[in-house]
Amino acid sequence: MRTALPVLTVLLAIILVWYVAAVAMNATWARDQAARADVTLSNAELVRQTLTQDRPVLPAPHQVALGLWEGLFGQKITSKRSLVWHGGITLSATMAGFAIGTLAGILLAVGIVHSRAMDQSVMPWAVASQSVPILAIAPMVIVVFASAGVTGLLPKAIIAAWLSFFPVLVGMVKGLRTPDQMQLDLMRSWNASAAQVFWRLRLPASLPYLFASLKVAVAAALVGTIVGELPAGATAGLGARLLSGSYYGQTVQIWAALFAAAILAALLVMVIGLIERLVLQRMGLAR
Amino acid sequence: MLTAAPILIVWLGAWGLNTWLARFDTRLTRLLVALIFGATILILWEMIVRIYDVPSVILPAPSQIGASFVENRAILWTDFVQTILRGALTGWIIGALAAIATAIAIDRSPFLRRGLLPIGNFVAALPIVGIAPILVMWFGFDWQSKAAVVVVMVFFPILVNMVAGLAATDPMQRDLMRTWAAPYWQSLWKLRMPAAMPFLFNGLKITTTLALIGAIVAEFFGSPTKGMGFRISTAVGRLDLPLVWAEILAAAIAGSLFYGLVALIEKKVTFWHPSQRA
């Protein structure tokens, strides 16, 4: 309750500013149209027209909401105009990439924690790999894969995986190293094997870090997939929807796709948060 | 099978050398291990491309990329100026200043802080790159629209960090300022801004790569006939993959330099912080 009121106030303020901006930005076009038709607009008419244009510079919130509603529930989900269909395609590539990236990140982290040679050779390059703006070259990756005959889900998933592996790697390395000397000594005094130390001490201790990383990673994977869809010839996925909207000046379509992506990202992070709560509760680590 | 033998030998040899070196664990050997690992990957890459005759349309060899980099210096420089200096850097500076100002404004009102922070955190996790087509439509094809995309992308991560930073002083210190009758601005400048610096620089460092990405991705939605994003997409169209990789290399170098520069300034500014004294 303490946060609900401020958040709602801020949201309302944003929507208000948005409406004002929509009127201001769309007014030029409405005035031009009126001048061409030789009519003068009253202020009320002007406002009404700016909020109902087909291709506004800035669509009003209710237009975006309507576009989103149309896209989500307005047609069968198998239709190519359905945002559910496009979202599903984006989601499947995101999940595949997220799975690959998470697995790679965890495996690398386990290797790094257990082998000093790997720590010293892989870790600096893993950090350096993040200076390659993969999102910027995502289209190239897609085109190169396509020229090698690989299309569809896999190329997008690889970009998503590349983006999601790093947060997982960093989080897991930190997490696997959290057990302090005292705990490790205790394991040694119980004559635990390396495998036992890993499964009974290091892995459980790393889970809170893992989940924090997963939330970052899943959002990153979604961004990667969407950008990966940009050059796909504008056929399928939320990214393709953005691109075709930008080609044909369909601003409402762009905004609807954008909000669909935002909702998807929020849902994914929420699902991870839910799993986190359940797992940590089960382990007695819930906060 | 036989063709794979030299690749395996090089790999195992380098790995053996690294495992042996890693045992010394000094500053020098650590650097050496990392360098050897990097060099091994490059050598293996070159060997694989040569031995299996991989067409350069799919994967050019490092030597080809290097040659293309040297050959196209002039093009790479114009692209660097257009995308990094004009688009990314301008946008990053504007976005950072706006975020810091907003954070100070938010800090004065607990109501706003409670209202804006959850929304800021939420927005920071969204695929903001998606607004690129809209902003390109609004601000035109030149670097201004790229800077606008970068402003929006870097704003929220820096804002969230800065607000957390302004809250980082403990009540005891703030009370002390109050007992000295320090006015709000004085305690902000002398106590809370310095305390916020580690947080601020955390946000600034995170957003260096974001700025690069925003500027390059925005160019896919329309750009003048220069810029890294433009060059990447047209070079891919002509299947000039060595040039594409040279652009990638340039972007990676620019990104590392940008990050390194911010980290260097951080070191100068927050020399007192425990993480810098270690």
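So you know, we letter chains A, B, ... as the sequences are listed, proteins then strands, and number each from 1.
- B:Arg114 approaches A:Val7 most closely through the heavy-atom pair O-CG2, 3.7 Å.
- For chain B, the nearby parts of A:Leu58 are the backbone and the side chain; heavy atoms of each come within less than 4.5 Å.
- For chain B, the nearby parts of A:Met118 are the backbone and the side chain; heavy atoms of each come within less than 4.5 Å.
- Crowding of B:Trp11 atom CH2: a count of heavy atoms from other residues, nucleotides or ligands under 6.0 Å not exceeding 12.
- At a heavy-atom cut-off of under 4.5 Å, chain A is reached by B:Met137, B:Trp138 from residues 136-158 of chain B, listed in order of number.
- Put simply, of B:Val244, B:Leu210, B:Ile134, the one with the most heavy-atom pairs under 4.5 Å next to chain A is B:Ile134.
- Considering all non-hydrogen atoms of both residues, B:Arg23 and A:Arg116 come closest at O-NH1, 3.4 Å.
- Neither the backbone nor the side chain of B:Trp20 comes within contact range of chain A; no heavy atom of the residue lies under 4.5 Å from a heavy atom of that chain.
- Between atom OG1 of residue B:Thr40 and atom CH2 of residue A:Trp125 there is a gap of 10.0 Å, rounded to the nearest 0.5 Å.
- Interface remark: of the candidates B:Asn18, B:Leu32, B:Thr19, B:Ile248, B:Ile248 forms the most heavy-atom pairs closer than 4.5 Å to chain A.
- Among A:Ala257, A:Gly239, A:Ala262, A:Gly224, the residue making the largest number of heavy-atom pairs under 4.5 Å with chain B is A:Ala262.
- Heavy-atom distances place both the backbone and the side chain of A:Leu11 under 4.5 Å from chain B.
- Each of A:Val122, A:Val57, A:Leu8, A:Leu222 has some count of heavy-atom pairs under 4.5 Å with chain B, and the biggest count is that of A:Val57.
- Both the backbone and the side chain of B:Phe111 come within contact range of chain A, with heavy atoms under 4.5 Å apart.
- Atom CD1 of B:Ile131 sits about 11.0 Å away from atom CG of A:Leu242, to the nearest 0.5 Å.
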